[in-house]
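Let me begin by presenting the structure, written as structure tokens, before commenting on it.
When a ligand or atom number is given, it counts from 1 through the structure's own listing order.
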Amino acid sequence: MREDLKGSNLLKLSDLNPDQLDELLDRAVQVKSAIAQDRLTPTLSGKHIGIIMQKPSLRTRVSFEVACGKLGAQPIILEGDANAFSRGESIHDTVSTLSRYLDALVIRTYDDEFLAQVAEHATIPVINALTDGYHPCQGLADLLTIREHFGKLEGLVLAYLGDGSNNMAHTYLEAGALAGMDVRIAAPLGYHPDPSVLANAESIAADTGATITVMSDPDQAVKDAQIVITDTWASMGKEDEHDRRLAILEPFQVNAELMAHAADDAIFMHCLPAHRGEEVTDEVIDSSASQVFDEAENRLHVQAALLQAVLGT
Ligand code: CP
Ligand code: NVA
């Protein structure tokens, strides 16, 4: 059953049911077309959207700011010295205060438990702009990109290679489970998904008909896959593990040899920023199969649709 998203948080994709996900992607298609024709109605005029960035960002920050601008809303950026949480004020006091000024809060942070507490104390919608555990806005953009390319989501084979324990791997597990896809995660032992995230995705998959497989063989994962995805081997906050991870994850690099095992019409995806020569070669990311800038563009459209939906416009 479809339920209105007005007033809802989006902390992870599995906060949505499959119908809500579908509806949000449909709304994003409409937003994208309206933007292309320069006829997007500024339905968020007079609204103020807080954007808290506790980690660096290019795409997320700019796409949210542009989405606000196109919808007539005012973004309020809190980062660095202006970071809402930099003076030791309690989460309750900070978020209760922000809720009196703002209409929605977009936050990029580390710990998912911290984000959950922010959402608990907020009386406005809270949107996860990336945590250690999830990146739902990127997941929405990627699903839109895949749907645009193949005209459907259900039944497609999505292979994610690399750090299977990071926010993007977790997000693809949820995205694929909700959308009825065949999701394969290939990662070295020690870098497999969090068992509770995997169990949640499997329980969603049991209802949608999706299949989920976690493995350690990159060739097996990409065999006949329509979508081959990777992400950085050392996510934000793990930079000091970079050299160790490079050695362990090297067999999972997406290169032309690996792509040759995928389906003939396979596409390559990466949320960016990419580390060329590490998780992906120039040859693959610059190939005609690569959709990375469509993904980046679609961040704008899905986030505009999301802001409209949670603000009930
Ligand atoms: N993909 C993504 O979230 O990019 P940024 O870290 O630049 O925001
Ligand atoms: N897994 C990456 C995604 C960046 C958008 C990170 O968290 O750094």
Side-chain angles (χ1 to χ4, degrees), residues 10-13 28 49-68 75 77-80 83 106-112 114-115 127-146 158 160-175 185-188 191-194 197 227 229-246 248-249 252-254 268-276 278-280 285 290-304 306-307:
L10 184 71
L11 307 189
K12 55 187 196 293
L13 279 182
I49 314 296
I51 301 178
I52 297 177
M53 289 293 177
Q54 297 190 319
K55 291 176 176 173
S57 172
L58 174 71
R59 282 144 286 266
T60 307
R61 177 184 164 159
V62 175
S63 56
F64 264 114
E65 279 199 72
V66 173
C68 286
I77 313 287
L78 296 158
E79 61 182 354
N83 192 311
V106 172
I107 172 164
R108 168 168 288 196
T109 188
Y110 291 85
D111 185 17
D112 285 84
F114 175 79
L115 178 70
I127 295 173
N128 180 354
L130 181 147
T131 51
D132 293 344
Y134 300 98
H135 197 3
C137 294
Q138 184 71 50
L140 289 173
D142 290 0
L143 287 177
L144 178 61
T145 308
I146 296 167
L158 181 158
Y160 170 92
L161 287 88
D163 179 3
S165 65
N166 77 7
N167 41 22
M168 288 316 309
H170 289 168
T171 296
Y172 294 125
L173 280 171
E174 294 206 330
I185 305 283
Y191 294 86
H192 281 192
D194 181 296
V197 176
I227 304 132
I229 311 191
T230 189
D231 183 22
T232 180
W233 288 340
S235 288
M236 290 180 276
K238 304 274 187 202
E239 291 88 349
D240 57 341
E241 297 177 22
H242 175 265
D243 292 353
R244 183 161 60 83
R245 285 168 168 256
L246 206 71
I248 296 168
L249 284 147
F252 294 81
Q253 182 190 65
V254 179
F268 169 75
M269 299 181 76
H270 192 309
C271 64
L272 304 178
H275 303 80
R276 289 164 174 262
E278 294 186 11
E279 72 270 12
V280 61
I285 198 168
S290 177
Q291 306 295 314
V292 297
F293 299 114
D294 283 350
E295 289 177 79
E297 179 189 332
N298 281 338
R299 295 293 304 277
L300 167 63
H301 308 305
V302 296
Q303 289 159 198
L306 179 62
L307 288 172

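In this structure, Leu130 has no heavy atom closer than 4.0 Å to ligand 1. The closest approach between a heavy atom of His135 and any atom of ligand 1 is below 4.0 Å.
Arg299 NH1, 3.4 Å is the protein heavy atom nearest to atom 2 (C) of ligand 1. The nearest protein atom to atom 6 (O) of ligand 1, hydrogens excluded, is given as Arg108 NH1, 2.9 Å; this is a heavy-atom distance. If you check which protein heavy atom lies closest to atom 7 (O) of ligand 1, you get Leu58 N, 2.8 Å. At the shortest separation from atom 4 (O) of ligand 1 among protein heavy atoms lies Arg59 NE, 2.9 Å.
Taking distance alone, with nitrogen or oxygen atoms compared against 3.5 Å, Arg108 stays at or beyond that limit from ligand 2. Here's the thing with Pro56: none of its N/O atoms is less than 3.5 angstrom from an N/O atom of ligand 1. Some N or O of Met236 is nearer than 3.5 Å to an N or O of ligand 2, by distance alone. Checking only distances, Cys271 does come within under 3.5 Å of ligand 1, N or O to N or O.
For Tyr110, there are no ring pair (Phe, Tyr, Trp, His ring centres under 6.0 Å) partners two or more places apart in sequence or in a different chain.
Atoms of ligand 2 lying under 4.0 Å from any heavy atom of Asn166, numbered from 1 in the order shown and given with element: 1 (N). Residue Leu272 has at least one heavy-atom neighbour below 4.0 Å for each of these atoms of ligand 2: 5 (C).
At a heavy-atom distance under 4.0 Å, only side-chain atoms of Thr232, from C-beta outward, approach ligand 2. Contacts with ligand 2 closer than 4.0 Å are made by no heavy atom of Asp132, backbone or side chain. Here Leu130 has side-chain heavy atoms under 4.0 Å from ligand 2, and that is the only part of it that gets that close.
Residue-environment remark: NZ (Lys238) stays at or below the threshold of 12 foreign heavy atoms within 6.0 Å.
A side-chain donor-acceptor contact under 3.5 Å links Asp112 to the backbone of Gly133.
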